[in-house]
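Structure, as structure tokens:
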Amino acid sequence: MAEKTQANIGFENKLWDAACLLWGHIPATEYRNVITGLIFLRYISNAFDKKYNELVAEGDGFEDDRDAYEEDNIFFVPAEARWSVISDAAHTPEIGKVIDNAMRAIESENKSLKNVLPKNYAQEDLDKNILGDVVDLFSNIDMDSTENSQDLLGRTYEYCIAKFAEKEGKGGGEYYTPSSIVKTLVAILKPFSNCRVYDPCCGSGGMFVQSAKFIEAHSGKRGEISVYGQEANPDTWKMAKINMAIRGIDADFGPYKADTFTNDLHPTLKADFIMANPPFNYNPWGQDKLQDDVRWKYGLPPASNANYAWIQHMIHHLAPNGKIGLVLANGALSTTSGNENIIRKNIIEADLVEGIVALPPQLFYSVTIPATLWFISRNKKQKGKTLFIDARKMGHLVDRTHRDFTDEEIELLADTFTKFQNDELEEKKGFCKVATIQEIANQDYILTPGRYVGIEEQENDGEPFDEKMKRLTSELSDMFKKSHELEDEIRNKLGAIGYEI
């Protein structure tokens, strides 16, 4: 089994075993609903059972009292929805109906989940013997060691998308933000109690989970956070609703899924913190319908790419002292196409860009495109200055394809921002640099951190420069000689079989 880190949840192989059981028996899109629905039932039942046993042991008769669970942000699970009932029915013809009834019972007890949970388990196309085997697999998953604050459902959804994209040879255009990146955004922004947090493309809600955890860890109450979000994908919108319900976070995601650009469900919102990972280089995004929109204060974004539409949408929804942390593809740092360089210049000249962090590769689970963190603030502590950080060498591989930040690395990035804001930062060549608006203008308003931080200084190895150059040129000459010998050998071998080059 894979080592449990921030980059995985510890039972990916169990999930893939379930996928392999379902493969060929159900479409991939349905699989996501089937698997995440079962994860949801298993997760809330596990938390309920632990609390139930604690209450029984206390002997005060509160084990059937809904309030005893809700005060600890634990779902009160109706009897017919508990995993023991589902597990017992795993190998009966009624297993699909049992699961659907469990979902309906939970929805009736929790109005915020009405018409949200999947109820497709009784469908004729779903082989009930296979479904029973999947239930068995999930019965054997140990969730006791899974962090309550971890975005379990979102991580599961991301895993499903990645594996099926790999299986079917499709690009992973739809993805979930890894917790490592979310934690970095939250650690740098430092959301406080009684604040409004907004994500205009909220996915499964991971930004809100980490924000609530941060507030709780700093002596606040997570219930004091006001959460606003929007999501265009119906399945992901439902997952976000479920994710918030599990954690007892009251969230306003609008009454339905909707496109943020063409149907802004929070038109008057001014948020204290905006955190987002919008789809990279998204198009088409509806520019033809929004030519004169009030949000495009710094210029009309091109129809071919929504990156600067997302940035301006977020700025529009920012409170007077608000802050934004978002993830964008690297191209947004330097693009000159479709008016984007003019928009970027205007945003920089408005003194809104507080910091830029270049990320290392392989942080995302199903997307390999290089990415950057942008930090935008309405009322910067360091006026006229921007912090650039090159974090491309940070992180460590947790397996062959996934990289992750350690908690210490996240703390280093957050501390670097804090020192910059307090005018206490000691710049480090190759890592961090503070630049003025004029210095950025001298670079044609390109925001690539490498242009500012430079190359880190190498330790002097004590070898005199002239001697080193003689040694290196001699070694290079030997290499050239060897390469010519190899070329001749290849030519001779090809000639021997009748091929000339």
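Computed from a prediction, not measured in an experiment: that's the story for all the values here. These values consider heavy atoms only, across backbone and side chains, with no hydrogens, waters or symmetry-generated copies. Counting from 1, the numbers follow the sequence of the chain as shown.
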Check: So, the side chain of N307 versus the backbone of N281: is there a donor-acceptor pair under 3.5 Å, distance only?
Finding: yes
Checklist line | Test item: E107 side-chain N/O and L117 main-chain N/O as donor-acceptor pair under 3.5 Å | finding: yes
Next item on the list: Please name the pair of heavy atoms, one in F208 and one in F253, separated by the smallest distance, quoted to 0.1 Å.
Entry: CE1-CE2, 3.4 Å
Note to self: I want to check something: taking the side chain as every heavy atom from C-beta on, are I274 and L326 in contact at a cut-off of under 4.5 Å?
What the structure shows: no
Notebook entry, point to check: Should L41 and F138 count as side-chain neighbours, where that means a heavy-atom distance under 4.5 Å?
Noted result: no
Next item on the list: Could you tell me the separation between the SG atom of C201 and the CD atom of E231, rounded to the nearest 0.5 Å?
Entry: 7.5 Å
Margin query: What I'd like to find out is whether the side chain of F261 reaches to under 4.5 Å of the side chain of P200, using heavy atoms alone.
Written below: no
Notebook entry, point to check: For S334 and I446, which heavy atoms make the closest approach, and how far apart are they?
Noted result: CB-CG2, 3.7 Å
Check: A68 and E71: which non-hydrogen atoms are nearest, and at how many Å?
Finding: O-CG, 3.6 Å
Next item on the list: Report yes or no: does Q291 contribute a side-chain atom to a donor-acceptor pair with the main-chain N or O of Q287 at less than 3.5 Å?
Entry: yes
Margin query: To the closest 0.5 Å, what do you measure between OH (Y452) and SG (C432)?
Written below: 15.5 Å
Notebook entry, point to check: Are the side chains of K257 and D235 in touch, meaning some heavy atoms are under 4.5 Å apart?
Noted result: no
Check: So, the side chain of H396 versus the backbone of D404: is there a donor-acceptor pair under 3.5 Å, distance only?
Finding: yes
Next item on the list: Determine the minimum heavy-atom distance between A332 and W374, stating which atoms define it.
Entry: O-CZ2, 3.8 Å
Item checked: Worked check of side-chain hydrogen bond (donor to acceptor under 3.5 Å, both in side chains) between E340 and S337 -> CA-CA 6 Å; E340 288 174 312; S337 63; 3.2 Å; yes
Notebook entry, point to check: Would a 4.5 Å heavy-atom cut-off, applied to side chains only, mark N283 and N305 as touching?
Noted result: no
Item checked: Gap between atom CD1 of I376 and atom CG of L318 - 0.5 Å precision -> 8.5 Å
Check: Are F375 and I389 close enough that some pair of their side-chain heavy atoms sits under 4.5 Å apart?
Finding: no
Next item on the list: Would you please test M394 and F431 for side-chain contact (heavy atoms from CB on, under 4.5 Å) and show each step?
Entry: CA-CA 10 Å; M394 294 176 67; F431 176 64; 3.9 Å; yes
Note to self: Is it the case that the side chains of T416 and K428 hold a donor-acceptor pair, with the cut-off being a distance below 3.5 Å and no angle test?
What the structure shows: no
Next item on the list: Please answer whether the main-chain N or O of A122 pairs with a side-chain N or O of D100 as donor and acceptor at a distance below 3.5 Å.
Entry: yes
Margin query: Do L359 and P370 make a side-chain contact, defined as non-hydrogen atoms from C-beta onward lying under 4.5 Å apart?
Written below: no
Notebook entry, point to check: Is R196 salt-bridged to D272, going by a charged N under 4.0 Å from an acidic O?
Noted result: yes
Notebook entry, point to check: Just how far is it from atom CZ of R451 to atom NZ of K433, taken to the nearest 0.5 Å?
Noted result: 15.0 Å
Checklist line | Whether over 12 other heavy atoms sit under 6.0 Å from E411 CD | finding: no
Item checked: Considering all heavy atoms, the nearest L189-M275 contact -> CD1-CG, 3.4 Å
Next item on the list: Flag yes if more than 12 heavy atoms outside R392 fall under 6.0 Å of its CZ atom; otherwise flag no.
Entry: no
Check: Would you say N346's side chain and I342's backbone share a donor-acceptor pair under 3.5 angstrom?
Finding: yes
Notebook entry, point to check: Between K241 and L113, which heavy-atom pair has the shortest distance, and what is it?
Noted result: O-CD2, 3.9 Å
Notebook entry, point to check: With a 4.5 Å limit on heavy-atom distance, are the side chains of F388 and I440 in contact?
Noted result: yes
Note to self: Quick check for you: to the nearest 0.5 Å, what is the distance between L265 atom CG and D259 atom CG?
What the structure shows: 9.5 Å
Next item on the list: State the NE2-OH distance between H266 and Y198, to the nearest 0.5 angstrom.
Entry: 6.0 Å
Check: Between F76 and F48, what is the ring plane arrangement, given parallel below 30°, perpendicular above 60°, and tilted in between?
Finding: perpendicular
Note to self: Just checking K345: does its NZ atom have more than 12 heavy atoms from other residues, nucleotides or ligands closer to it than 6.0 angstrom?
What the structure shows: no
Next item on the list: Please determine which of K383, K323, R378, K380 meets the salt bridge (charged side-chain N to carboxylate O under 4.0 Å, His left out) test together with E354.
Entry: K323
Check: With distance as the sole test, does K270 use its side chain to make a donor-acceptor pair with the main-chain N or O of H316 at under 3.5 Å?
Finding: yes
Notebook entry, point to check: Does a sphere of radius 6.0 Å around CD in E426 hold more than 12 heavy atoms from other residues, nucleotides or ligands, not counting ones at 6.0 Å or beyond?
Noted result: no
